[in-house]
2 protein chains.
Amino acid sequence: MTLDPPWQPPAWELDPSQPLYEQIAHRIRVEIAASRLPGGTRLPSVRDLAASLRVTPNTVMRAYAELEQDGLLETFRGQGTFVARSSGVEARAQARIARQALEHVRRVAADLGMRVEDLLRLGAEAGGGEDDDAGSHRV
Amino acid sequence: MTLDPPWQPPAWELDPSQPLYEQIAHRIRVEIAASRLPGGTRLPSVRDLAASLRVTPNTVMRAYAELEQDGLLETFRGQGTFVARSSGVEARAQARIARQALEHVRRVAADLGMRVEDLLRLGAEAGGGEDDDAGSHRV
DNA sequence: TAAGTGTATTAAATCACATGATACACTCAG
DNA sequence: CTGAGTGTATCATGTGATTTAATACACTTA
């Protein structure tokens, strides 16, 4: 049996200026973190996803491999690639992304000798546009 | 006259895994933003900085060019490259960096369907280590 | 058996980045 | 004027990561 029909990725535009396999991995990581890909969900086959992204199977493979390395995916030869069933996949995906984001702003803030809260507030004032008042509180 | 003795950059380690010219530009941008390079300060000559960084003059040129593009530097043939005298160089450098940082966390937060404040708090909880309580306030 | 999975290998093309060498244009102290 | 020190331009070359392309193999299941 072909089990379940695999998950259908939303329309993606790949930016040629960034590594394709990184972008693919990132999109999937985000989908998992956003709880739109529950544990056990079957991903498109390497060949299918490659075809729909106009990319080589090799490239998709590399993305899948990276995510498997992170423990977000698990693959079974002959069956397919699935979102890991281990408890807390979403949580781990979220944690990784959030931690990186925090580290990033912390590093930038440290560069400028500012606190994170002040950095973000300044960013909002400086054409940050959008909503989000960015501040006046500890971060 | 050779005017003033040029600014002496702190010891830098360049990461081979990232574009050298980007790193150089970034470091200088940060120095300006952190008010450690007042307007009018003379930068090392292209050749000198290149030599001290064990890099080709071409690479330093590219970094300087990028910063001139941003209006942070101005160069005078035969004299050297200087931090722009226009009012608010530090402010503009800060603004650019802060805006980019904010945009970054906003994009990541949006990906996860979270608010910036929640993203950062989560990052802090997830092994963010360090100080900075990351939260419980609007950002 | 056949179709569909993941996986591995190899060769080649591409591209941004960096080097190295050289030459030119300009400014200024002497 | 001269020469040393600036920025600037150009060209050929090298390098490394990325990607393509074409195969081939191993496994699972209808």
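Of all non-hydrogen atoms in A:Asp111 and B:Val30, the two that sit nearest each other are O-CG1, 3.6 Å.
For the pair A:Asp48 CG and C:dG4 P, the interatomic distance rounds to 9 Å; values are reported in whole Å. The interatomic distance linking B:Leu43 (CG) with D:dG7 (C1') rounds to 13 Å, in whole Å. Atom C1' of nucleotide D:dT28 and atom CZ of A:Phe82 are separated by 11 Å, given to the nearest angstrom. Across the protein-nucleic acid pair, B:Met61 atom CE and C:dC24 atom P stand 18 Å apart, rounded to whole Å. If you take CG of A:Leu67 and P of C:dT7, they are 12 Å apart, rounded to a whole angstrom. The CZ atom of B:Phe76 sits 11 Å away from the P atom of D:dT8 (whole-angstrom rounding). When the P atom of D:dT6 is taken as reference, atom CG of B:Leu73 falls 16 Å away, rounded to whole Å. Between the CD atom of B:Glu66 and the P atom of C:dA18 there is a distance of 11 Å, given to the nearest Å.
Contact check of residues 49-59 of chain B against DNA chain C (heavy atom, cut-off under 4.0 Å) returns B:Arg54, B:Val55, B:Thr56, B:Asn58, B:Thr59. Contacts between residues 7-18 of chain B and DNA chain D, counted as heavy-atom distances below 4.0 Å, involve no residue at all.
At distances below 3.5 Å, at least one donor-acceptor pair connects side-chain atoms of B:Glu74 with backbone N or O atoms of B:Arg85. Using a distance-only test at 3.5 Å, with no hydrogens or angles considered, no donor-acceptor pair links the side chain of B:Asp70 to the main chain of B:Leu72. Judged by distance alone, with hydrogens and angles left aside, the side-chain atoms of A:Gln18 form no donor-acceptor pair with the main-chain N or O of A:Gln23 at under 3.5 Å. Distance alone, capped at 3.5 Å, is enough to place a donor-acceptor pair between the A:Arg99 side chain and the B:Ala126 backbone.
Each of D:dT18, C:dT27, D:dT6 was ranked by its minimum atom distance to the side chain of A:Tyr21; first place goes to D:dT18. Residue B:Thr81 has its side chain nearest to D:dG7 when only D:dG7, D:dT6, C:dC17 are considered. With C:dG6, D:dG7, C:dC17 as the choices, the nucleotide that has an atom nearest any side-chain atom of A:Ser45 turns out to be C:dG6.
Here the straight-line distance linking atom CD1 of B:Ile32 with atom CG of A:Leu112 works out to 12.0 Å at 0.5 Å rounding. In this structure, CD in A:Gln94 is found 13.5 Å from CZ in A:Arg29, a value given to the nearest 0.5 Å.
Between C:dG4 and A:Gln79, no contact under 4.0 Å exists linking OP1 or OP2 to a side-chain N or O.
Residue B:Arg47 is classed as a base contact, given a heavy-atom separation below 4.0 Å to a base.
In terms of position along DNA chain C, the nucleotide closest to A:Arg77 lies nearer the 5' end than the nucleotide closest to the other residue of the pair B:Gly78 and A:Arg77.
Between the side chains of A:Asn58 and A:Thr56, no donor-acceptor pair of N or O atoms lies under 3.5 Å.
Looking at B:Arg62 and B:Glu22, no side-chain N of the basic residue comes within less than 4.0 Å of a carboxylate O on the acidic one, giving no salt bridge.
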